[in-house]
Each structure stands twice: as C-alpha cells, then as structure tokens.
Amino acid sequence: MSQTSDSRLEIDDRGVARLTLERPQVHNAFDDHLIAELNDHLRRVGELAQRGEVRVLVLGSEGKSFSAGADLNWMQRMVDYDFEDNLADSRELSALMHGLDTLPCPTVCRVQGATFGGAVGLAACCDIVVASDKARFCLSEVRIGLSPAVISPYVQRALGSRQMRRYALTAEVMDAATAERLGLVHRLVEPDALDTAVDAMIDTLLATSPQASRATKALLAEVAHDPDSNATRDHTCRIISELRVSHEGQEGLASFLEKRRPAWAPDDSSNTERRQ
C-alpha cells in the first residue's frame with residue numbers, strides 16, 4: 001500500500017486499484033500538494049494498467065463530501081502568485097484531468113456527496129460515475145471571478161455544450177437526479193447502497209477482456225475527435241482485426257462458443273485480499 005497524508009492508493013490481487021482522497025476535514029478540497037500526489041498515483045496506475053496488472057480504477061474519497069474543489073488556503077496563496085506561477089499550477093491540474101481521462105483501464109468514480117468546482121472535472125474524466133442520490137454538483141467558479149477552464153473540455157463532453165453553457169455561467173447546483181439526466185452520472189443509488197453498487201460495477205468490468213478494454217477506451221477517444229473520416233474507418237477495421245487474431249480475442253471467441261468462462265474473468269471464489 002502506498003499512502004501519503006492526503007490520499008491513499010490500494011491495489012488488490014484482482015487488479016482493482018482504489019484511489020482515495022483523504023482530507024475529510026476540509027471536504028476533500030484539493031491543493032497543489034494533493035494534485036501532485038494524485039498525479040504520482042495515476043502515473044503508477046497507468047504503468048500497471050498498460051501491463052494488464054491493474055484492471056479497474058475506483059476514484060473515491062473519505063467523509064460526507066466527494067470534494068469541495070479548490071482548497072481555501074491554496075486559493076489564499078494564489079493571491080500572491082504571478083501569471084507564471086498560476087500557469088504552472090494550472091498545468092499540474094490539467095495533467096491530473098488528462099491522466100485520469102486517458103488512463104488505459106476503465107475508471108469508476110464513487111460520489112457520496114457534494115462535488116464542486118474542479119471535482120466535477122474528476123467525475124467527468126471517469127468512464128463511469130456511480131453516485132448517491134444525495135450528491136450535488138456545481139461548477140462554482142464564476143461566483144468567485146474564475147472559470148472552469150481546465151476542466152471544461154471534460155465536463156462539456158459529459159453535459160453537452162448547451163447544458164454546459166447554463167451550468168458554467170450560472171453556477172447553479174445540480175441535484176443528483178439532474179446530473180444523471182444530463183449525463184454526468186450513470187447510476188444513482190441510496191447512500192447505503194453506494195458501495196454495493198460500486199462493487200457490482202467492478203465485477204461487471206472484471207468480466208471483460210483487459211486487452212479489449214484498453215483498446216476500446218483508446219479507440220473511443222480517437223473516434224470522438226474524428227468520427228467519420230476514411231482514416232478513422234480504416235483504423236476501426238484494423239483494431240477489430242488485430243483483436244480477433246490476438247490471444248485474448250481467440251480465447252474470448254472460444255469461451256463464447258464453448259459456453260464457458262473466459263480465462264480473464266475471475267470466478268466467484270477469487271481471493272480479494274489487498275496487495276500491500
């Protein structure tokens with residue numbers, strides 16, 4: 001187990017990584033120190049995921065809030081920053097969002113409560129968001145003279161440009177039902193059922209081919225930028241052809257035809273002890 005004062009990374013023997021924000025006393029608000037920690041953790045997870053040693057990442061936090069966004073003490077220090085200092089800070093936050101968005105394995109965001117400012121970006125960068133029906137979301141930046149600039153590409157992708165204009169310009173609070181309706185959240189459950197729902201999603205993702213998951217996530221990112229060009233169509237044909245002749249592709253087809261569990265899918269009795 002790798003642990004620091006503000007976050008914790010645990011990886012179990014199924015290849016499930018849990019990255020947890022641990023600043024409940026300040027509603028898991030993040031500052032430059034926490035952002036640096038999270039970037040370090042994501043680099044490690046990314047390397048392991050690329051080798052197939054991490055299959056799923058769950059992003060969560062301790063306490064009643066998912067994250068209040070920027071830490072007040074950090075914001076006070078920003079008052080004395082010049083342009084270059086602010087640019088360096090912003091680039092670290094941008095690296096966090098990009099690293100989470102492009103992580104080569106499926107990602108699940110566990111949202112138990114208030115999710116404000118940059119934390120909405122963390123949720124939007126995850127592939128799947130499972131939230132408590134008591135959760136709330138807010139792009140609050142314009143209230144204090146700022147903009148959701150760094151997170152805007154990811155949140156707008158989730159909400160769509162029309163809804164993004166409303167919520168980024170008004171800083172209105174979205175309740176959980178609204179966030180689900182607009183596409184930011186995939187599944188809502190009662191607070192007591194949140195961990196059960198996250199565990200069920202993990203089991204669903206572990207039943208998929210690790211290689212196919214990595215390839216599909218990368219492919220979808222490319223298709224989103226250029227959905228119907230000759231180059232994209234040729235690329236999609238090559239991806240499926242490569243997967244069909246690969247070891248996992250052959251195993252997947254064989255297991256389907258033989259009506260058995262594929263080799264990568266854990267059985268119900270698998271040991272889930274965490275790797276320290």
Side-chain angles (χ1 to χ4, degrees), residues 2-9 18-42 59-101 109-126 129 131-132 134-156 158-159 164 166-176 178-179 184-185 191 194:
S2 176
Q3 184 170 359
T4 68
S5 59
D6 291 339
S7 63
R8 181 178 76 252
L9 176 64
R18 294 181 185 268
L19 180 53
T20 306
L21 282 60
E22 293 192 310
R23 304 188 79 207
Q25 70 279 8
V26 292
H27 298 277
N28 297 303
F30 46 84
D31 58 11
D32 50 352
H33 176 64
L34 178 57
I35 290 170
E37 284 184 19
L38 295 176
N39 277 329
D40 286 343
H41 288 318
L42 287 178
L59 177 65
S61 61
E62 299 287 352
K64 66 179 184 178
S65 299
F66 176 67
S67 173
D71 179 82
L72 290 177
N73 290 326
W74 185 34
M75 293 173 68
Q76 288 173 350
R77 283 189 277 122
M78 288 180 194
V79 172
D80 297 323
Y81 285 5
D82 62 17
F83 174 81
E84 293 300 329
D85 292 332
N86 277 289
L87 188 59
D89 253 11
S90 298
R91 284 174 171 162
E92 285 298 304
L93 180 61
S94 179
L96 172 60
M97 298 298 160
H98 178 72
L100 182 58
D101 185 61
C109 191
R110 175 194 181 278
V111 178
Q112 77 275 31
T115 305
F116 278 45
V120 181
L122 293 178
C125 287
C126 288
V129 178
S132 159
K134 307 301 182 186
R136 297 176 298 132
F137 302 82
C138 181
L139 296 166
S140 54
E141 288 86 351
V142 294
R143 289 182 183 171
I144 56 172
L146 301 178
S147 168
V150 172
I151 67 172
S152 62
Y154 311 101
V155 181
Q156 181 163 285
L159 295 179
M164 182 66 173
R166 171 181 175 174
Y167 287 98
L169 292 172
T170 65
E172 294 173 275
V173 175
M174 282 181 271
D175 60 22
T178 300
L184 182 60
V185 172
L194 184 57

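When reading the values below, keep in mind they use all heavy atoms of this one structure, side chains included, and skip hydrogens, waters and symmetry mates.
- The two residues Cys109 and Ala123 have their closest heavy-atom pair at SG-CA, 3.9 Å.
- Note that the CD atom of Glu172 and the CZ atom of Arg136 stand 14.0 Å from one another [nearest 0.5 Å].
- To the nearest 0.5 angstrom, Arg77 atom CZ is 7.5 Å from Asp71 atom CG.
- Note that OG of Ser147 is 9.0 Å distant from CG of Leu169, once rounded to the nearest 0.5 Å.
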Decide side-chain contact (heavy atoms from CB on, under 4.5 Å) for Phe30 and Leu122; before the verdict, give the C-alpha distance in whole Å, the side-chain angles of both, and the deciding distance to 0.1 Å. CA-CA 11 Å; Phe30 46 84; Leu122 293 178; 4.2 Å; yes
Leu139 and Ile151: CA distance, side-chain angles, deciding distance, side-chain contact (heavy atoms from CB on, under 4.5 Å) verdict: CA-CA 10 Å; Leu139 296 166; Ile151 67 172; 3.7 Å; yes
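- One N or O on the side chain of Asn28 and one on the backbone of Glu62 form a donor-acceptor pair closer than 3.5 Å.
- With Ser65 contributing its side chain and Ser67 its backbone, the two residues share no donor-acceptor pair below 3.5 Å.
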After noting the C-alpha distance and the side-chain angles of Leu159 and Phe137, does the key distance pass the side-chain contact (heavy atoms from CB on, under 4.5 Å) rule? CA-CA 12 Å; Leu159 295 179; Phe137 302 82; over 6 Å; no
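- Side-chain contact of Ser61 with Gln112: a donor-acceptor pair under 3.5 Å is present, judged by distance alone.
- Around atom CZ of Arg91, no more than 12 heavy atoms belonging to other residues, nucleotides or ligands sit under 6.0 Å away.
- Checking Glu37 against His41 by side-chain atom types alone, no donor-acceptor pair falls below 3.5 Å.
- In this structure a side-chain-to-backbone donor-acceptor pair under 3.5 Å is present from Asn39 to Glu92.
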Residue pair His33, Trp74: steps toward the side-chain contact (heavy atoms from CB on, under 4.5 Å) verdict: CA-CA 9 Å; His33 176 64; Trp74 185 34; over 6 Å; no
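- With Ser90 contributing its side chain and Asn86 its backbone, the two residues share a donor-acceptor pair below 3.5 Å.
- At least one side-chain heavy atom of Leu59 sits under 4.5 Å from a side-chain heavy atom of Phe66.
- Across Ala168 and Val142, no two heavy atoms sit closer than the pair O-CG1, 3.3 Å.
- Residues Leu34 and Ala29 approach most closely at CD2-O, 3.8 Å, considering heavy atoms.
- Looking at every heavy atom in both residues, Val26 comes nearest to Ala68 through O-CB, 4.4 Å.
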